Amino acid sequence: MDDTPRDAEQRPHDSILDLPLRPLSALDPLRWLRLGWRDFMRAPGIGLFYGACFAAMGWVLLWTYRSAPAWVLALSAGFLLTGPFLCLGLYDASRRLEQGDKPDLGASLIAWESRAGTMAIFGGVLLILEMIWGRASLIIFAVSFDGMPDLGGSLMTLLAPENLGFIVAYLGVGALFAGLIFAVSVVSIPMILDRSVDAVSAGLTSLRLCLTQPWPMLVWGATITVLVVLALLPGFLGLLIVGPVLGHASWHAYRGAVGEAPPRAPEATVT
C-alpha cells in the first residue's frame with residue numbers, strides 16, 4: 001500500500017460511499033507500528049513532548065485516586081477512548097514528514113485550527129461518550145458494593161475473587177464503549193485533518209472500514225490495547241514512547257486503509 005504524498009482535499013460533492021477502502025491483512029498493524037516508530041525517531045522531540053503529556057495525565061489520575069478511586073477508573077477509560085483526538089498533533093507531524101516537510105511542535109499544537117468546526121463536533125461526541133461511560137462506571141460501583149469500597153491504597157484490591165461480578169460487569173461495559181469509540185474513530189480524526197470532510201462522513205468511513213474488514217481492525221485494536229496496558233504498568237512511563245509511536249502509527253493506519261475517491265465523471269451539457 002502506497003504512503004506517498006497526495007492532494008488530500010475531498011471534493012464536497014463526492015459521496016462518502018464512493019471513497020474506496022484498501023484491502024488490509026492481519027499483518028498490516030505491524031507495518032503501521034514500524035512506520036510509527038520511524039516517524040518517532042525522525043521527530044523525537046515532538047514525540048517525547050506528547051509522550052510526557054500522556055504520562056503526566058496518568059500521574060494526575062493517580063493523584064485523583066487518593067480521594068475518588070471510582071472516578072480514576074472512569075477517567076482512565078475516558079483517556080483511552082479519546083486517544084485518537086489527543087494524538088492530533090502527532091498525526092500532523094506524520095503528515096508533514098510524509099510530505100517531505102520538517103515537523104514543528106508549535107504547528108502540531110494548533111493543527112486543529114484548519115478544521116476547528118469539524119474537530120469540535122467530533123471531539124464533542126467523544127466527550128459525551130466518555131461522560132456516559134464515566135456515569136456507567138459509577139453505577140457499576142453503586143450496584144456492586146455497599147458504598148465506596150475501601151481499596152486500601154491499591155486498585156488491585158478490586159481484583160479480589162469476591163469482586164468477580166464487578167470485574168465482569170466493568171470490563172464488559174468498558175469493552176462495549178471502547179469498541180464503539182474505536183469503530184467510529186479509528187481513522188476519523190486523521191481523515192478530518194487530511195481531507196475536507198464532515199464529522200459524520202469521517203465517522204461513517206471509519207465504521208464502514210471496521211464492518212467490512214473486521215479481522216485486521218480487531219488485530220489493530222487488540223495491539224493498541226496490549227501496548228497501552230503494558231505502557232501503564234511502569235508508573236505510566238511507558239507512555240513516553242508507546243503513546244507517540246501509536247499516534248504516528250494511527251496516521252499510517254488511516255493512510256493505508258482509506259483510498260482516493262474516483263474521478264468524477266464530467267456532467268453532460270444540455271443543448
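In what follows, every heavy atom counts, from backbone to side chain, and hydrogens, waters and symmetry copies are set aside. Treat the numbers as computed from the prediction; the structure is a model and nothing was measured.
Taking 4.5 Å as the limit, some side-chain heavy atom of Ser250 sits within range of a side-chain heavy atom of Tyr91. The side-chain heavy atoms of Phe122 and Ser185, taken from C-beta on, include a pair separated by under 4.5 Å. Using a 4.5 Å cut-off on side-chain heavy atoms (C-beta onward), Leu97 and Pro103 make contact. Leu24 places a side-chain heavy atom less than 4.5 Å from the side chain of Leu209. Between Trp220 and Leu33 there is a side-chain heavy-atom pair separated by less than 4.5 Å. Using a 4.5 Å heavy-atom threshold, the side chains of Thr223 and Val219 count as touching. Arg208 is not listed as a side-chain neighbour of Leu204, based on a closest heavy-atom distance of 4.5 Å or more. At least one side-chain heavy atom of Phe49 sits less than 4.5 Å from a side-chain heavy atom of Leu109.
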Original post:
Is there a side-chain contact (heavy atoms from CB on, under 4.5 Å) between Leu88 and Asp92 once you walk through the steps?
Top reply: CA-CA 6 Å; Leu88 180 60; Asp92 178 75; over 6 Å; no
**OP:** In sequence, state the C-alpha distance, the side-chain angles, and the governing distance for Phe40 and Leu48, and then conclude on side-chain contact (heavy atoms from CB on, under 4.5 Å).
**Re:** CA-CA 8 Å; Phe40 174 74; Leu48 288 174; 4.0 Å; yes
Subject >> Leu239/Met57 under side-chain contact (heavy atoms from CB on, under 4.5 Å): CA gap, chis, key distance, verdict >> reply: CA-CA 10 Å; Leu239 291 176; Met57 291 179 66; over 6 Å; no
**OP:** Give the intermediate values and the outcome of side-chain contact (heavy atoms from CB on, under 4.5 Å) for residues His252 and Asp39.
**Re:** CA-CA 10 Å; His252 291 287; Asp39 285 356; 2.7 Å; yes
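Judged by distance alone, with hydrogens and angles left aside, the side-chain atoms of Asp28 form a donor-acceptor pair with the main-chain N or O of Ser25 at under 3.5 Å. A donor-acceptor contact shorter than 3.5 Å links the side chain of Arg95 to the backbone of Leu193. The closest donor-acceptor contact from the side chain of Ser188 to the backbone of Ala202 lies under 3.5 Å. Side chain of Arg42 to main chain of Ser94: no donor-acceptor pair is present (N/O by atom type, distance under 3.5 Å, no hydrogens or angles). Remark: the backbone N or O of Val197 is not paired with any side-chain donor or acceptor of Arg115 at under 3.5 angstrom.
Note that OG of Ser201 is 7.0 Å distant from CE of Met191, once rounded to the nearest 0.5 Å. Between Ile241 atom CD1 and Leu227 atom CG the span is 12.5 Å, to the nearest 0.5 Å. A distance of 13.5 Å separates CD1 of Ile189 from CG of Asp194, quoted to the nearest 0.5 Å. Distance check: Leu105 CG to Ile110 CD1 gives 10.5 Å after rounding to the nearest 0.5 Å. Taken to the nearest 0.5 Å, the CG atom of Leu207 stands 11.0 Å off from the CE atom of Met217. With rounding to the nearest 0.5 Å, the separation of CG in Leu246 from NE2 in His248 is 10.5 Å.
Applying side-chain contact (heavy atoms from CB on, under 4.5 Å) to Cys87 and the options Phe54, Trp251, Tyr50 leaves one that passes, Phe54.
The hydrophobic cluster containing Leu21 also contains Val186, counting ILVMFWY residues as joined when their side-chain heavy atoms lie under 4.5 angstrom apart, directly or transitively. In the hydrophobic clustering of this structure, Ile181 groups with Val125; members are Ile, Leu, Val, Met, Phe, Trp, Tyr whose side-chain heavy atoms approach within less than 4.5 Å, directly or through other members. Linking ILVMFWY residues whenever their side-chain heavy atoms come closer than 4.5 Å, directly or via other members, leaves Leu176 and Phe182 in distinct clusters.
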